[in-house]
Engineer: 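Mind looking over this structure? Questions follow.
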2 protein chains.
Amino acid sequence: MTNKISKYKKTDKSDVEYFKGIVGDNYVITGGDELEPYTHDETEDFVFTPEIVLRPGSTGQISEIMKYSNDNNIAVTPRGGGTGLSGGALCVTGGVCLATNRMNRIMEIDTDNLTATVQPGVIVEELHNAVEEKELMYPPDPASRGSCTIGGNLAECAGGPRALKYGVTRDYVLGLTAVLPDGRIIRTGGKLLKNSTGYNLTQLLIGSEGTLAVITEIIVKLIPLPGCHRTLLVPFPSVEAAARGLNAIFLKKIIPCAAEFMEQSAIQAAEEMLGRSFPYSDSAAMLLIEIDGNHRDHLDLECEIICEAVLEMGALDVLLAESSARQKELWDMRRSIGEAVKNISAYKEEDTVVPRAQLPELMNALKVISKTHGFTTICYGHAGDGNIHANIIRGDMDEHTWREQLPDTIAEVHRAVVGLGGMISGEHGIGYTQKKYMPIAIGETEIELMRAIKEVFDPKGILNPDKILP
Amino acid sequence: MTNKISKYKKTDKSDVEYFKGIVGDNYVITGGDELEPYTHDETEDFVFTPEIVLRPGSTGQISEIMKYSNDNNIAVTPRGGGTGLSGGALCVTGGVCLATNRMNRIMEIDTDNLTATVQPGVIVEELHNAVEEKELMYPPDPASRGSCTIGGNLAECAGGPRALKYGVTRDYVLGLTAVLPDGRIIRTGGKLLKNSTGYNLTQLLIGSEGTLAVITEIIVKLIPLPGCHRTLLVPFPSVEAAARGLNAIFLKKIIPCAAEFMEQSAIQAAEEMLGRSFPYSDSAAMLLIEIDGNHRDHLDLECEIICEAVLEMGALDVLLAESSARQKELWDMRRSIGEAVKNISAYKEEDTVVPRAQLPELMNALKVISKTHGFTTICYGHAGDGNIHANIIRGDMDEHTWREQLPDTIAEVHRAVVGLGGMISGEHGIGYTQKKYMPIAIGETEIELMRAIKEVFDPKGILNPDKILP
């Protein structure tokens, strides 16, 4: 690590002055309480303190910051809402934290072309609300949508429950403005639903976790907002039955807008935290299924079809949320699990993704691996996408054993996932915490290509160093 | 051009022998009638004769071919169905034509994960038929679907009418096997609906027109096949009214699975070729609208909503195809336009794409430009995507003037498109014919990045040379 830090110039007073000249005195933070929020994200307990936090207000300012940093070999780590779960926004080599939170303007909602043009610091839920007022929808809905930014969502290619029917962030991005590490500004795509004009730089930047360029303006696709929803809670006697039940729904030609999976221990963790009980919380697995559309009658018909299909596959019951209050209650339960798991003990969350039908095998593998190493696991997530958040729970294991056992356990989990045709991150990204596991999932040649692409964009390696690539 | 050709080794007898050793004597073509189909694609009247056509049967054979070619500096041009419209498969420097037409196996249709795994030489319509038998759908449907291959579709990121509701080729590709120019085999993605594990090489290869790697195996996403359709033909008194009518449909929360645009001259060309007349063929513009779903009642309701919306925006009438025979008739008319235009005279087709709402402005610009240069234009295409195929018609202009006037005209068209926020190819790709116009649409820095990415994958420049980059 010491070696790597020494690659970069440590910033000094003259750098601070220069940056103040670009963004203004009020938008440079170099210490004190103000700095603290920028020292971590939501990734377990990592803390790295940036030397300087800059809060630019425009693409032009970011361009100037990057040019100066590149010329002077200063490491720059872009940061959105700081809600990342793989440490992508951690300033692991110190340097500059480039916070986009001031660039939080929804620049345009174009109801003729069904697009929105936004700055990267826009909170995703604020975009949801703004477009919903116009009866439009921006589908990606990560759990952190109340505090994460759309720029961060692009960086990690965030998903969320609605990805099942509507796709992930990359499916909604039509065009970008971005600043290269040397300060040059590029533009890709446009308000265009089709585009075969050269290599797709838009798609290359999405999911690149802020390591190739700083995204400063985003054109997203919007769709008409569905007018009604139905929410169903379906308990199953086994994970296998839940997986079969889910597939039966697809084969009936219904794609739910969400199909969330919770295993027993996850539901019980939520019950404990919320201090209330949910029906069938002793069942092995539950699916929280939501369908949407524009016609009530049509949705009611689909509910009946789903009922029949899942009961045939062994569901214990089907509970329909009769009111929007009850719908909210079920979703609150689902959404509380992440927090509930944190409350139990130290933990490590793995963002596993496998082919949907391999979910039961993944669950079995996780149980075997964790038992071998003396852990328990709590699993929940997006069953429809095969994207399960596997939480390895420390419980009452002593700190030393936990630290010793964990890396091997995680590696074993990842090997099992890859053995099932999966990947080690579905929607959280590789960032800082997962990069050492990349060779388990990605071949040597592929990693070599990725490294060469990084070199193309960032020859001096100053942008978000020490991320993704092992 | 001569300079460029000399960059590569001209193949000789020993090369032919070596290649025969890889693919077998029967799958090497070096002359005669068998060679002719490989000398052109569907791009106007270009003819380039490859020195050798190779028809490998596996990823391993392609790997060996590439390794040898890279070591010996032999240019290799991959080829799918030869239906390309920008010359992407033309062997412009001679060398080896790498035909994938033997690798035409649908390897798996996975009804548990709703995926298909296919070789690149599979004809797209055969994939449609195979998955439809299982009540599933692979949405991309370019006009050439009866003869184009899925490998070629990936290369160009093909679209088609259904892209409006379902998206283009890139939205359905989950994983790839591909061979790098030096013969190394890479794998990306998997049967995974979400994946944030490193840079997205899958999306980088899609739309790269066979210039970065040879795609040899493809995992695509399938969706449930909608059970019913409704087809509507809607004449309008003006292009503006058609654009307004289309937007009104979206604002009623209906996304048609197709919204095809035909201007008067396009309909009349189809009438002439088919020797029959269509209602309202003297109207300025027509939309062919299709909606799909699983419930007849629901579709009937949507038809009513569409009717009301378009009539309010000035539609002259709404004609509902009452039978599937009549549906087919309307689609035959739409699909015959391409051929009908060819029959009129020499022509040049431009694959313009603009923000959907800018369609009327694009049409106006096209009329002004073509009039200035003494041409007529016939326009049709995918109104819902803003993707209009603008055909510049030679008519009775003499050959010399045609050749002289055309490049400037095309450049002006492209400048107008870009001025409206558009791009110079929506779904045909840049290939050979459009590359000189790239600087109109793509900035210097962006082109530099693309060139550097090409270098990363293909440092010797042997794979599909002289394409995309100016």
Side-chain angles (χ1 to χ4, degrees), chain A residues 112-114 156-157 159 163 168 171 184 186-188 190-201 203-204 206-208 223-224 227 247 250 253 255 294-295 298 301 353 355-357 385-387 421-430 438 441-443 445-446 449-450 452-453 456 468, chain B residues 112-114 156-157 159 163 168 171 184 186-188 190-201 203-204 206-208 223-224 227 247 250 253 255 294-295 298 301 353 355-357 385-387 421-430 438 441-443 445-446 449-450 452-453 456 468:
Chain A
D112 289 332
N113 287 303
L114 301 195
E156 306 300 323
C157 192
V168 295
D171 298 307
R184 285 181 297 169
I186 62 170
R187 291 193 175 76
T188 73
K191 292 179 180 176
L192 303 172
L193 295 172
K194 286 175 172 172
N195 182 11
S196 288
T197 310
Y199 301 149
N200 199 312
L201 301 179
Q203 291 292 334
L204 184 57
I206 298 170
S208 69
I223 58 172
N247 195 45
F250 292 115
K253 306 196 173 197
I255 303 186
N294 288 314
H295 303 282
H298 185 208
L301 175 62
V353 61
R356 180 166 57 215
D385 301 318
N387 179 204
M423 280 283 164
I424 66 175
S425 174
E427 56 179 17
H428 295 174
I430 298 303
M438 275 286 272
I442 307 288
T445 307
E446 293 81 346
L449 287 174
M450 291 180 193
I453 290 168
V456 163
I468 302 183
Chain B
D112 288 332
N113 287 304
L114 303 196
E156 305 300 324
C157 192
V168 296
D171 298 308
R184 286 181 296 170
I186 62 169
R187 288 189 177 83
T188 73
K191 293 180 180 176
L192 304 173
L193 295 173
K194 284 176 173 172
N195 183 9
S196 288
T197 311
Y199 301 149
N200 200 312
L201 300 178
Q203 291 293 335
L204 183 58
I206 298 169
S208 69
I223 60 172
N247 195 45
F250 292 115
K253 305 196 172 201
I255 302 186
N294 288 313
H295 303 281
H298 185 206
L301 175 63
V353 61
R356 181 165 59 215
D385 301 318
N387 179 205
M423 280 284 164
I424 66 177
S425 175
E427 57 179 17
H428 294 175
I430 298 302
M438 275 285 272
I442 307 288
T445 307
E446 293 81 346
L449 286 174
M450 292 180 190
I453 290 169
V456 163
I468 302 183

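Each chain gets a letter, A, B and so on, in the order the sequences are listed, and its residues count up from 1.
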Engineer: Quick check on B:Leu201 against chain A: is it the side chain, the backbone, both or neither that has a heavy atom closer than 4.5 Å?
Structural biologist: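 Answer is side chain: those atoms of B:Leu201 sit under 4.5 Å from chain A.
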Engineer: Using non-hydrogen atoms and a 4.5 Å limit, figure out which bit of B:Ala452 sits close to chain A: side chain, backbone, both or neither.
Structural biologist: both
Engineer: Checking B:Leu301 against chain A: side chain, backbone, both or neither under 4.5 Å from a heavy atom?
Structural biologist: side chain
Engineer: Rounded at 0.5 Å granularity, tell me how far CG in B:Leu204 sits from CD1 in A:Ile453.
Structural biologist: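 Spacing of CG (B:Leu204) from CD1 (A:Ile453) equals 5.5 Å.
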Engineer: For the candidates B:Gly227, B:Pro355, B:Ser208, B:Ala441, which exhibits the highest count of non-hydrogen atom pairs separated by less than 4.5 Å from chain A?
Structural biologist: B:Pro355
Engineer: If you count heavy-atom pairs within less than 4.5 Å of chain B, which of A:Asn195, A:Val456, A:Leu193, A:Ile430 leads?
Structural biologist: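 Option with the top pair count is A:Asn195.
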Engineer: By a 4.5 Å heavy-atom criterion (distance strictly below it), what part of B:Asn387 contacts chain A: side chain, backbone, both, or neither?
Structural biologist: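 Contact with chain A is through the side chain of B:Asn387 alone.
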Engineer: To the nearest 0.5 angstrom, please state how far the CG atom of B:Asn113 sits from the CG atom of A:Asn247.
Structural biologist: 8.0 Å
Engineer: Taking all non-hydrogen atoms of both residues, which atom of A:Met438 and which atom of B:Gly198 are closest, and how far apart?
Structural biologist: CE-CA, 3.9 Å
Engineer: Using the test side chain to side chain contact (heavy atoms under 4.5 Å, CB included), find all partners of A:Arg184 that sit at least two apart in sequence or belong to another chain.
Structural biologist: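 For A:Arg184, the residues satisfying side chain to side chain contact (heavy atoms under 4.5 Å, CB included) (neighbours in sequence not counted) are A:Leu180, A:Asp182, B:Thr445, B:Glu448.
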Engineer: Please report the shortest heavy-atom distance between B:Asp112 and A:Ala357, naming the atom on each side.
Structural biologist: CB-CB, 3.6 Å
Engineer: Between A:His298 and B:His295, how do the two ring planes meet: parallel, tilted or perpendicular, split at 30° and 60°?
Structural biologist: perpendicular
Engineer: Could you tell me which portion of A:Val353 (side chain, backbone, both or neither) has an atom closer than 4.5 angstrom to a non-hydrogen atom of chain B?
Structural biologist: both
Engineer: Side chain, backbone, both or neither: which part of A:Glu427 has a heavy atom under 4.5 Å from chain B?
Structural biologist: both
Engineer: So, does A:Thr197 use its side chain to make a donor-acceptor pair with the main chain of B:Ser425 at under 3.5 Å?
Structural biologist: yes
Engineer: Give me the atom names and distance for the closest heavy-atom approach of A:Cys157 to B:Ser196.
Structural biologist: O-OG, 3.4 Å
Engineer: Between B:Ile255 and A:Pro224, what is the shortest heavy-atom contact and its length?
Structural biologist: CD1-CD, 3.6 Å
Engineer: Could you tell me which of A:Met423, A:Lys191, A:His428 has the largest number of non-hydrogen atom pairs under 4.5 Å with chain B?
Structural biologist: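 Greatest number of close heavy-atom pairs with chain B: A:Met423.
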Engineer: What part of A:Leu192 lies closer than 4.5 angstrom to a heavy atom of chain B: side chain, backbone, both or neither?
Structural biologist: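 Answer is side chain: those atoms of A:Leu192 sit under 4.5 Å from chain B.
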Engineer: Checking side chain to side chain donor-acceptor pair (under 3.5 Å) for the pair B:Lys253/A:Asn294: CA distance, chi angles, key distance, verdict?
Structural biologist: CA-CA 8 Å; B:Lys253 305 196 172 201; A:Asn294 288 314; 4.5 Å; no
Engineer: I need the residue from B:Gly429, B:Gly159, B:Gly207 with the largest number of non-hydrogen atom pairs under 4.5 Å to chain A.
Structural biologist: B:Gly429
Engineer: If you take all heavy atoms of A:Gly426 and B:Lys194, which pair is closest and at what distance?
Structural biologist: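 Heavy-atom minimum between the residues: O-CB, 3.3 Å.
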Engineer: Is chain A contacted by the side chain of B:Ile442, its backbone, both, or neither, given a heavy-atom distance below 4.5 Å?
Structural biologist: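 Side chain only.
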Engineer: Quick one: are A:Gln203 and B:Asn200 in side-chain contact, heavy atoms under 4.5 Å?
Structural biologist: no
Engineer: Answer whether the closest heavy-atom distance between the side chains of B:Leu449 and A:Tyr199 falls below 4.5 Å.
Structural biologist: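 Heavy-atom side-chain distance check fails, nothing below 4.5 Å.
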Engineer: Check whether B:Ile186 gets within reach of chain A through its side chain, its backbone, both or neither, counting any heavy atom under 4.5 Å.
Structural biologist: both
Engineer: When rounded to the nearest 0.5 angstrom, what distance separates OG1 in B:Thr188 from CD in A:Glu446?
Structural biologist: 8.0 Å
